[in-house]
Amino acid sequence: MTLFKPTEVQKLALRLVKGGAKHILLFGGSRSGKTTVLVMVMVFRAIRFAGSRHLICRLRAKDARSSVLRETLLPALMNTVGSNGFRYLTHESMITLFNGSEIWIGGLGDREQADKILGHEYNTIYFNEISQLSYLAVTTAYSRLAMRTPGCRNLFLYDCNPGSPLHWAHTIFIRKKQFLTGAALIKPELYTSMMLNPADNKEHLADDYISDVLDAMPEKQKARFRDGLWVKADGVIYEQFDEAMILNSADMPAEYDRIAAGQDFGLNITNVKIGWVGECIYVIADYGAFNMTTKSFNDELTARGWFAIEPDGFGFPVYCDPAGGERLQEITGGVKANNSVESGIDFINAKIERGQFYVAAGCTGILSEVWDYCRDEGGEIIKVNDHFLDALRYAIFSDIQRGVIAQ
Ligand SMILES: Nc1ncnc2c1ncn2[C@@H]1O[C@H](COP(=O)(O)OP(=O)(O)O)[C@@H](O)[C@H]1O
Ligand SMILES: [Mg+2]
């Protein structure tokens, strides 16, 4: 049995966990020891507090099982409590420890999984690789940190390779602002973060990992994966989008020639409303929810006065993801969207390049995704941070395809 020996920065991270914060983020380059130390925190807490319950989640259950469970958690348990100290049945999402504590593991990106893991209360929730998780998915899980175990202070743990500077985690943990309103955090002392980089974990990495793998990456990837910086990724689809295109509400037009909205369905359900003034597109508002039925979502939009703007008195079209089928009938003004992904993206990019595209500062969904929506090395769109951007494309490009707006 080899006991866990933390690196120097992992020791600092352990100290951070023991400080007074409730939300603790470890961010930084890849293979810097973030997941290892947070998994150890979960294991220590599970051992120390008998009968406690802890959750590790990431976007895909499959990634949670391979990279967290098999590579990190099971070896950590073997080393600390030995094979007789815990039980794991491969088809289960849960490990039970000798003292009755449980560690659950799963994906938030799949409805059945999300329902299963969010059906319990926990003492620790660890969001692994949050650059892939939406703010809505994470905050939906917040209410589940409600288990009461004597002596145990409940905690949220997070880790990630940094995303773009507009990512929700950057807003909250680095800029210390509330994500949805941009106002200062109400209790900033509850949020803390720390950077860990591969150079800090050299002793556990192959000799050539930093010099031959990380140093050889393109600039922006190197900044993220070696140096742990929050920068726009390589292969960003809306690369030309600039912070100067974000407008305060006072600078948005008072009236629009035309209004339309786009609706995306799924576990992350989103609606984005846009307005046209001449050739210019203004993203007026966005709204999203996690794990909500279409009907409740539309009721919520209605209650928020979403459909109240009617420049011509006839309401506006809400272009719905065609894959949603019948669901569009539950959306006020629902019409089938055009889903030509590449032409839609080209159109929006042309608008951005010509300076004919603006986003209201309150559109946090759009802004959080715009610089993380990427292509992989083969040019394929990575379908991770795309919930609001898909809805945006339906709103803009369906009108173009229908010839309602002249190109
Ligand atoms: N304290 C430690 N002792 C032994 N190996 C470690 C330690 N910390 C990290 N490692 C190893 O370093 C590698 C990268 O760690 P990991 O936690 O997966 O990094 P990250 O989550 O930052 O990408 C893994 O192989 C892990 O087993
Ligand atoms: Mg990791």
Side-chain angles (χ1 to χ4, degrees), residues 1-18 23-45 47 54-81 103 105-109 124-133 138 155-163 167 169-170 173-174 192-215 217 221-231 233 372 384:
M1 211 179 285
T2 47
L3 285 180
F4 172 65
K5 241 182 96 234
T7 62
E8 288 308 309
V9 290
Q10 284 175 330
K11 281 185 198 161
L12 295 177
L14 290 171
R15 213 177 296 158
L16 205 64
V17 171
K18 288 190 189 137
H23 300 262
I24 297 137
L25 165 68
L26 302 186
F27 66 94
S30 54
R31 304 188 64 71
S32 43
K34 304 181 294 294
T35 302
T36 303
V37 71
L38 291 179
V39 163
M40 283 316 299
V41 168
M42 308 280 280
V43 169
F44 290 150
R45 285 164 64 82
I47 294 172
H54 313 268
L55 170 65
I56 303 178
C57 50
R58 64 184 277 163
L59 179 66
R60 306 266 170 240
K62 149 169 101 37
D63 298 336
R65 291 224 169 84
S66 62
S67 87
V68 188
L69 179 83
R70 275 192 273 282
E71 285 171 27
T72 316
L73 179 58
L74 293 178
L77 285 167
M78 287 300 283
N79 285 340
T80 43
V81 298
I103 302 178
I105 187 150
L108 274 180
T124 322
I125 301 182
Y126 165 24
F127 300 101
N128 176 242
E129 205 40 73
I130 49 169
S131 51
Q132 298 182 350
L133 284 171
V138 166
L155 293 179
F156 291 110
L157 307 173
Y158 310 72
D159 76 10
C160 67
N161 291 132
H167 191 271
H170 186 262
F173 285 97
I174 311 296
T192 189
S193 65
M194 192 185 137
M195 181 158 87
L196 281 75
N197 276 330
D200 304 319
N201 188 36
K202 259 197 176 130
E203 59 202 275
H204 303 119
L205 300 176
D207 289 341
D208 54 2
Y209 180 65
I210 296 180
S211 61
D212 293 2
V213 180
L214 297 178
D215 286 350
M217 283 181 166
Q221 252 165 286
K222 199 156 53 183
R224 274 186 172 184
F225 296 111
R226 186 190 67 184
D227 305 332
L229 302 177
W230 300 81
V231 293
D372 279 305
V384 172

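Every number for a ligand or one of its atoms is a count from 1 in the order of the listing.
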- Task: Check whether any side-chain N or O of Lys11 sits under 3.5 Å from a backbone N or O of Lys5 as a donor-acceptor pair, and report yes or no.
- Result: no

- Query: N/O of Gly33 under 3.5 Å from N/O of ligand 1, yes or no?
  - Reply: yes

- Please confirm whether the backbone N or O of Val231 pairs with a side-chain atom of Arg224, one donor and one acceptor, at under 3.5 Å? yes

- Note on the structure: If you scan protein heavy atoms around atom 11 (C) of ligand 1, the nearest is His204 CB, 3.8 Å

- Message: Using a plain distance cutoff, I'd like to know if Ser30 has any nitrogen or oxygen under 3.5 Å from a nitrogen or oxygen of ligand 1.
- Response: no

- What protein heavy atom sits nearest atom 22 (O) of ligand 1, and how far away is it? Lys34 NZ, 2.7 Å

- Quick one: which of Phe156, Trp230, Tyr158 gives a ring pair (Phe, Tyr, Trp, His ring centres under 6.0 Å) with Phe173? Tyr158

- Query: Do any N or O atoms from the side chain of Asp159 and from the backbone of Phe27 form a donor-acceptor pair under 3.5 angstrom?
  - Reply: no

- For ligand 1, which atoms, with element, lie under 4.0 Å from some heavy atom of Asn201? 8 (N), 9 (C), 12 (O), 13 (C), 14 (C)

- Task: Could you tell me the separation between the CG atom of Leu157 and the CD1 atom of Ile24, rounded to the nearest 0.5 Å?
- Result: 5.5 Å

- Message: Taking Asp227's backbone N and O only, do any of them form a donor-acceptor pair with Asn197's side chain (distance below 3.5 Å, no angle check)?
- Response: yes

- Query: Which residue owns the protein heavy atom closest to atom 21 (O) of ligand 1, what's the atom, and how far is it?
  - Reply: Thr35 OG1, 2.7 Å

- Item | atom 9 (C) of ligand 1 [closest protein heavy-atom partner, distance rounded to 0.1 Å] | Thr36 OG1, 3.5 Å

- Message: Measuring from atom OG1 of Thr124 to atom CG of Leu38, what distance do you get when rounded to the nearest 0.5 angstrom?
- Response: 10.5 Å

- Task: Decide whether Asp372 and Ser131 meet the rule of one side-chain donor and one side-chain acceptor closer than 3.5 Å.
- Result: no

- Protein heavy-atom partner closest to atom 25 (O) of ligand 1 - residue, atom, separation in Å: Arg31 NH2, 3.1 Å

- Item | Thr35 near the Mg ion (ligand 2) via N/O/S, less than 2.8 Å | yes

- Message: I need the nearest protein heavy-atom contact for atom 8 (N) of ligand 1: residue, atom name and distance, please.
- Response: Gln10 NE2, 3.0 Å

- Enumerate the atoms of ligand 1 whose separation from the nearest heavy atom of Lys5 is less than 4.0 angstrom. 1 (N), 2 (C), 3 (N)

